[in-house]
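First the proteins, then the strands, lettered A, B, ... as listed; each starts at 1. Only heavy atoms go into these numbers, but all of them, side chains included; no hydrogens, no water, no symmetry mates.
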Number of protein chains: 2
Amino acid sequence: MEERDLRNVGLKVTSPRLKVLKILEESDVRHLTAEAVYRALLDAGEELGLATVYRVLTQFESAGLVARHNFEGGTAVFELADRTHHDHMVCMETGTVIEFCDERIEQLQHDIAEKYGYIIEDHSLVLYVRPKQDT
Amino acid sequence: MEERDLRNVGLKVTSPRLKVLKILEESDVRHLTAEAVYRALLDAGEELGLATVYRVLTQFESAGLVARHNFEGGTAVFELADRTHHDHMVCMETGTVIEFCDERIEQLQHDIAEKYGYIIEDHSLVLYVRPKQDT
DNA sequence: ATGTATGCAAAACATTTGCACCTGG
DNA sequence: CCAGGTGCAAATGTTTTGCATACAT
């Protein structure tokens, strides 16, 4: 139940917010652009502005309900932050996004930052890949 | 000598291209935005359009002379591709960019992609950090 | 000469914002 | 009721493009 989620992060439970959450939860594609969320809503017969989609997604991000990723291509994608941390692998042929998590890499990143006298605040690891048995 | 570099990648040796290369080589900051390159040129008394800077940088990228990175913030930065592969650490307080390379991480990335049946074409690893002894 | 490059201004995008109106608590 | 949310259109910031002119080879 999401109404509680919204209240917990100090956001009013409004129709646009519930609708956007619903799209993110029910989409079979996990990583969506703002435009994609917007179109999904229009297709579902819902009325709301693109600006609102952006505002809602940005608020959700600040609230930790959603994660924003800037993969190559200039358009951000959003995904529900309902899983533990993970990184991404993007297939350059199909656009498929695969999530993975490797504790050893996480540890190494931490060690490297520390070696330089820093603490990791955030990080982004994306592998752009191609199927192995390719022409 | 860069004229050769340009010819080698099939680009005519023109004044704007040489100027942009020069800025990238002589700048004390390694990672520059297109805008920064443009301003550096104007400051140096050189005349050329921002559009040309973008075109030249994009051509250099295709030619492998320059690498483009999309750190957080919506503005791409460019750096001379005169070093071996490395990843980046961006200090969120000072904007400092530190380069690092860890063979173990590289290997793990390769192994992970392989496990899923992919070959890595490219990858991006950026650590957003903060100084350790911070308030 | 002639195929490329460049400059400028305009277009194209993704995203944000101002403001009048609406709505949830 | 009233702070906060929304829609729309306009603004923003970055990057790309069309086209006439200029240049490298």
Distance, rounded to the nearest Å, where A/K19 contributes NZ and C/dG24 contributes C1': 14 Å
Between P of C/dA5 and CG of B/L18, the distance in whole Å: 13 Å
Whole angstrom value for the distance that separates P of C/dG25 from CZ of A/R4: 13 Å
Under the ring-ring contact (aromatic ring centres under 6.0 Å, His included) test, residues paired with A/H88 that sit two or more places apart: A/H31, A/H69, A/F71, A/H86
Matching residue for A/C91 among A/V97, A/L127, A/T96 - test: side-chain contact (heavy atoms from CB on, under 4.5 Å): A/T96
Minimum-distance nucleotide (side-chain atoms of A/P16 versus C/dA9, C/dT15, D/dT6): D/dT6
Heavy-atom check, side chain of A/Y118 versus side chain of B/V90, under 4.5 Å: no
Whole angstrom value for the distance that separates C1' of C/dT16 from CD of A/E61: 14 Å
Residue A/A76, side-chain heavy atoms: nucleotide from C/dA9, C/dT15, C/dT16 that is nearest: C/dT15
Value in whole Å for how far the P atom of C/dG24 lies from CD of A/E3: 11 Å
Side chains of A/L6 and A/F60 in contact at under 4.5 Å (non-hydrogen atoms): yes
d(CG, A/L6; P, C/dT23) in whole Å: 18 Å
Protein-to-nucleotide contact annotation, 5' to 3' order, nucleotides 19-25 of chain D [B base; S sugar-phosphate only; - none; under 4.0 Å, heavy atom]: -----BS
Side chains of B/H123 and B/H85 in contact at under 4.5 Å (non-hydrogen atoms): yes
B/F78 vs A/G49, nearer the 5' end of DNA chain D by closest nucleotide: A/G49
B/D87 vs A/I112 side-chain heavy atoms within contact, under 4.5 Å: no
Side chain to side chain, A/L18 and A/S15, heavy atoms closer than 4.5 Å: no
Contacts of type side-chain hydrogen bond (donor to acceptor under 3.5 Å, both in side chains), residue A/N8, not counting sequence neighbours: none
Spacing of A/Q59 atom CD relative to C/dT16 atom C1', expressed in whole Å: 13 Å
4.5 Å side-chain heavy-atom contact, B/E46 and B/L42: no
Contact under 4.0 Å: B/Y54 side-chain N or O vs D/dT16 OP1/OP2: no
Strand contacts (DNA chain C) in residues 20-48 of chain B, 4.0 angstrom heavy-atom criterion: B/E47, B/L48
Residues which pass side-chain hydrogen bond (donor to acceptor under 3.5 Å, both in side chains) with A/R30, listed by chain and number, not counting sequence neighbours: A/E79, A/D82, A/E99
Degree of bending, the helix from C/dA1-D/dT25 to C/dG25-D/dC1 (end axes from five pairs; round to 10°): 30°
Residue-phosphate contact under 4.0 Å: B/T58 side-chain N/O, D/dT15 OP1/OP2: no
Separation of atom CG in A/L50 from atom C1' in C/dT15, rounded to whole Å: 8 Å
Hydrophobic cluster membership, A/V129 vs A/V126, 4.5 Å side-chain cutoff: no
From C/dT6, D/dC8, C/dA9, nucleotide with atom closest to B/T52 side chain: C/dT6
pair A/L32-A/V77: side-chain heavy atoms closer than 4.5 Å: no
